[in-house]
Amino acid sequence: MNLFKYFREEIIVALSRLNLPDGLDTGKVTAEPPREEAHGDVATNAAMVLSKPAGMKPRDLAEALAAQLRTHPAVTAVEIAGPGFINLRLVESFWAERLGDILRAGTTYGDSDMGGQRPINVEYVSANPTGPMHIGHARGAVIGDALASLLAKAGFAVSREYYINDAGAQVDVLARSIHLRYREALGEEIGDIPEGLYPGDYLKPAGAQLVTLHGDKYQTAPESEWLASFRLFAVDAMMDMIRDDLAALGVKHDVFTSERGLVESGRVDAALEFLAGLGQVYEGVLEPPKGKVLDDWEPRPQTLFRATAFGDDVDRPLKKSDGSWTYFASDIAYHLDKFRRGFPEMIDIWGADHGGYVKRMQAAVKAVSEGGGALDVKLCQMVNLMKGGQPFKMSKRAGTFVTLRDLVDQVGKDVVRFIMLTRKNDAHLDFDLDKVLEQSRDNPVFYVQYAHARCHSVLRHGVTALAGADLSAAALAAGPLARLTDPAELSVIKVLASWPRLVESAAEAHEPHRVAFYLNDVAAAFHGLWNKGKDDTQLRFLIEGDAELSLARMALVRAVADVIASGLAVFGVEPMEEMR
RNA sequence: GCGCCCUUAGCUCAGUUGGAUAGAGCAGCCGCCUUCUAAGCGGCAGGUCGUUGGUUCGAAUCCAACAGGGCGCGCCA
């Protein structure tokens, strides 16, 4: 239950009982947590946004609405404040009920039906199949994966997809690079890897495998005899490696789509024919880009997409001079494919260096879906690797790692995942190899995990202290929750009870990082309550001689653990029950 | 030259889709362990929300212009 959504509905009901003009637009009415806790639990702007259309002074409208709201059984006080805010204070039993909700739901707390199981497509990673994944890929992978989980939690039917760019010139380069490794595996002295080929050692095993498959059959054969089959083999080998890397990071996809597959099955031709049928393809000559010197610029006719008709700055080429499709053309086909598979809503996660590509892709989606589809692109900024507060220079020669796999091996997948989500996608992120393993307040992974572990520590003590008591979630939910009356306890419950709202707003904004900040808030609230027990022994969780109160507090502690676990589940991070 | 992103405390960053007196952490200063993990907590101090206009009951948030930083700019993906 998103309690703010609930009270917004209640406010609109209350409004309908007032003598207001018919057809009043209540779309701008909000019910939100007030910034200041002292202002109450729920604040609404209704009187301010409706005063003009209702032809009333904000104050008068507020008085009338407040009178209605005072009759709500969960409302204990209504105040009018500032320019016309109405602040609601809720009865304590309302919060006890929310605590019960949490315990009954466990880690499914926060699940929402906001999405109504509407399909939504999230494409992420889509790293070129030419080598192992690097740190930069990891951020997009984690953001995409967590966003997909978040949307699923918010009630969308999510498809997680990976687009394999296996059709361009780069995979020919890959095939040639592997051919060289193949010759090397046959005993040839290959010397330095020539400029323009992929030098990485990771290609050696593939070369060796090709020897077991083919012997020396292609050692001196002309490229035309082996290129296609080596390319296929190489892409498969690289995708196996990437899938392993993704698995190490705990990232999963439902659908892998091959660009080459789209091209060879004629779906790119078909898509572009379709686009042409809509009148959005023409032969034309582009102006040279201004302000940028291109020495080899020659005006020439090209096959262009009329992207300017859909908000782009210039029309975009679809064919290369050799007649083959550009990457953009096959990407159009891929997005049309997604749309036709039933995804009017699509999200792509890209690196920030592809920012210049966003408008044209959105234009293409608009065109090809004939206005029925929408694409949101989340751009991921760079990750700066740090160590001990200093930039960490990666160097293969020095043996300092470069790959995602090495990073995961060094700090663990959960740490990588959590840290990648502690910043907005479009902000630079410092990833400090030392700090992320520190057990301190400024390491958010630790801080949140520690709160969860602390909860479990208390629960373990509760098992002993309350020997014989049933500490299952169901029993705790049915327990004497009304005993939780201290403001410090209630404020923790209030933080927990705001989780459903946070899930919905983060999902709506496509911003999984908000979950990280929320978890930090939950952890802080819990650590704070814990320490209050140091000053005031009456606030400790286990109170000797008052089993009832202790049970109620066990319920609160378990609910904190549940909500943290619920949030970490969105991130694909395992909650820890002990920190040792 | 054009487009997109960014600019909030000394540092790193949030800011609930336009709300009330702009918030955290770190660094600094002052406190809190005979106690369920002090691996933590509380307090003090710290601000022209890049600048200037505009929109309205109300702007860090929306619009315009400008400044600074980043990314990109016809057949790479």
Side-chain angles (χ1 to χ4, degrees), chain A residues 4 28 30 32-36 39 43 45 48-49 51-52 58 81-85 87 126 128 130 165 167-171 259 285-292 294 296-300 302-304 312-328 330-331 351-359 379 381-382 422-424 426-428 430 438-444 446-447 450-451 453-454 457-462 464-465 498 501-502 505-506 508-509 513-514 516-518 520-521 524 527-535 537 540-542 557 578-580:
Chain A
F4 299 96
K28 292 179 80 175
T30 60
E32 317 177 299
R35 196 196 304 267
E36 301 267 335
H39 290 152
N45 62 358
M48 289 179 287
V49 297
S51 81
K52 198 180 278 180
F85 285 102
N87 294 325
S126 299
N128 294 334
T130 54
N165 303 134
Q170 56 181 356
V171 284
E259 181 187 4
V285 181
L286 290 176
E287 294 290 310
K290 292 191 173 67
K292 196 201 173 201
L294 291 175
D296 61 340
W297 176 270
E298 288 170 39
R300 58 171 72 102
Q302 289 177 294
T303 305
L304 299 170
D312 200 357
D313 308 308
V314 288
D315 293 339
R316 304 293 180 176
L318 297 166
K319 273 186 181 174
K320 304 180 195 172
S321 53
D322 68 358
S324 65
W325 295 115
T326 58
Y327 173 80
F328 180 46
S330 50
D331 220 354
D353 54 340
H354 290 60
Y357 201 78
V358 173
K359 274 191 183 180
L379 297 177
Q381 263 299 349
M382 304 223 334
T422 53
R423 289 284 178 270
K424 280 190 292 230
D426 53 5
H428 287 268
D430 288 342
E438 241 172 50
Q439 300 200 322
S440 74
R441 177 69 178 92
D442 41 319
N443 176 7
F446 166 77
Y447 188 69
Y450 181 38
R454 248 186 178 172
S457 169
V458 176
L459 291 169
R460 284 190 295 270
H461 280 277
T464 328
S498 68
R501 178 175 193 263
L502 188 115
S505 57
E508 196 165 11
H513 76 276
R514 293 189 190 188
F517 286 91
Y518 173 74
N520 207 70
D521 289 347
H527 288 311
L529 182 60
W530 170 291
N531 272 84
K532 281 212 166 62
K534 299 225 167 271
D535 299 333
T537 52
R540 292 190 191 169
F541 298 112
L542 293 165
V557 170
E578 260 182 303
M579 297 306 289
R580 293 179 209 281

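What you see is a predicted model, and the numbers here were worked out from it, not measured in a lab. Hydrogens, waters and symmetry mates play no part in the numbers below; they use all other heavy atoms, side chains included.
Among the atoms of the strands shown, base atoms are found under 4.0 Å from some heavy atom of A:Asn45. Within 4.0 Å of A:Glu508, counting heavy atoms only, lies at least one base atom of the nucleic acid. Nucleic acid contact class of A:Val314 (heavy atoms, under 4.0 Å, all strands): none. Among the protein residues, A:Phe4 comes within range of no part of the nucleic acid, since none of its heavy atoms lies under 4.0 Å from any strand. Counting any heavy atom pair closer than 4.0 Å across all strands shown, A:Lys359 reaches sugar-phosphate atoms only and no base atom. Using a 4.0 Å heavy-atom distance criterion, A:Phe85 is classed as a base contact. At a threshold of 4.0 angstrom between heavy atoms, the contacts of A:Lys424 are confined to the sugar-phosphate backbone, with no base atom among them. Heavy atoms of A:Ala43 sit under 4.0 angstrom from at least one base atom. Note on A:Gly355: nothing from the nucleic acid sits closer than 4.0 angstrom, heavy atoms only. No engagement by A:Arg460 is indicated, since no non-hydrogen atom pair under 4.0 Å with the nucleic acid exists. As judged by a 4.0 angstrom heavy-atom cut-off over every strand, A:Ala509 is placed among the base-contacting residues.
Of all nucleotides listed (B:A14, B:G72, B:C36), B:G72 comes nearest to the side chain of A:Asp353. Of the listed nucleotides (B:C76, B:U16, B:C57), B:U16 has the atom at the smallest distance from the side chain of A:Pro33. Across B:U12, B:U16, B:C5, the shortest atom-to-atom separation from the side chain of A:Asp430 is found for B:U12. Considering only the side chain of A:Val49, B:G19 comes nearest among B:C41, B:G19, B:C71. Picking from B:U37, B:C41, B:G3 the nucleotide with the shortest atom distance to the side chain of A:Tyr447 gives B:C41. Comparing B:G19, B:C41, B:A14 against the side chain of A:Arg441 picks out B:C41 as the nearest. Among B:C26, B:U12, B:G40, the nucleotide with an atom closest to any side-chain atom of A:Asp442 is B:C26. Comparing atom distances between the A:Ser457 side chain and each of B:U21, B:G70, B:U37 picks out B:U37 as nearest. When each of B:G70, B:U37, B:G40 is scored by its nearest atom to the side-chain atoms of A:Glu578, the top-ranked nucleotide is B:U37. Set against B:A77, B:G19, B:A14, the side chain of A:Met48 has B:G19 as its closest nucleotide.
When the side-chain nitrogen and oxygen atoms of A:Arg454 are compared with OP1 and OP2 of B:C41, none of them lie within a distance under 4.0 Å. The phosphate of B:A38 (OP1 or OP2) has a side-chain N or O of A:Lys534 nearer than 4.0 angstrom. In terms of phosphate contacts, A:Lys28 brings no side-chain nitrogen or oxygen within less than 4.0 Å of OP1 or OP2 of B:U17.
Nucleotide B:C66 carries an anti base; the chi torsion (O4'-C1'-N9-C4 or O4'-C1'-N1-C2) is more than 90° from 0. Syn is the glycosidic conformation of B:U17, whose angle stays within 90° of 0.
When the C1' atom is used for both B:U21 and B:C49, the distance is 15 Å, rounded to whole Å.
For A:Asp312 (side chain) and A:Lys359 (main-chain N/O), no donor-acceptor pair under 3.5 Å exists by modelled atom type. Distance alone, capped at 3.5 Å, is enough to place a donor-acceptor pair between the A:Asn45 side chain and the A:Lys28 backbone.
Shown here, B:U34 forms no base pair; nothing in the strands shown gives a Watson-Crick or G-U wobble contact with both key distances under 3.5 Å. Across all strands shown, B:G47 forms no Watson-Crick or G-U wobble pair with both distances under 3.5 Å. Nucleotide B:U12 forms a pair with B:A24, judged by Watson-Crick or G-U wobble geometry with both contacts under 3.5 Å. For B:C4, the paired nucleotide is B:G70, the pair qualifying as Watson-Crick or G-U wobble because both relevant distances are below 3.5 Å.
To the nearest angstrom, P of B:G42 lies 10 Å from CG of A:Asp535. Counting to the nearest Å, the P atom of B:C36 and the CG atom of A:Asn531 are 12 Å from each other.
Checked by distance alone, A:Arg514 brings no side-chain donor or acceptor within 3.5 Å of a matching partner on the base of B:U16. Side-chain atoms of A:His513 and base atoms of B:A14 include no donor and acceptor less than 3.5 Å apart.
With 3.5 Å as the limit, one finds no donor-acceptor pair spanning the side chains of A:Gln170 and A:Thr130.
At a threshold of 4.5 Å between non-hydrogen side-chain atoms, the residues A:Pro33 and A:Phe4 count as touching. Put simply, the side chain of A:Trp325 does not reach to within 4.5 Å of the side chain of A:Lys320, judged on heavy atoms.
Each of A:Pro317 and A:Asn520 lies near RNA chain B, and the nucleotide nearest A:Asn520 is the one positioned closer to the 5' end. Nearest-nucleotide assignment on RNA chain B puts the 5′-proximal partner with A:Asn87, out of A:Asn87 and A:Gly533.
Expressed to the nearest 0.5 Å, how far CG of A:Leu459 lies from CZ of A:Phe541 amounts to 9.5 Å.
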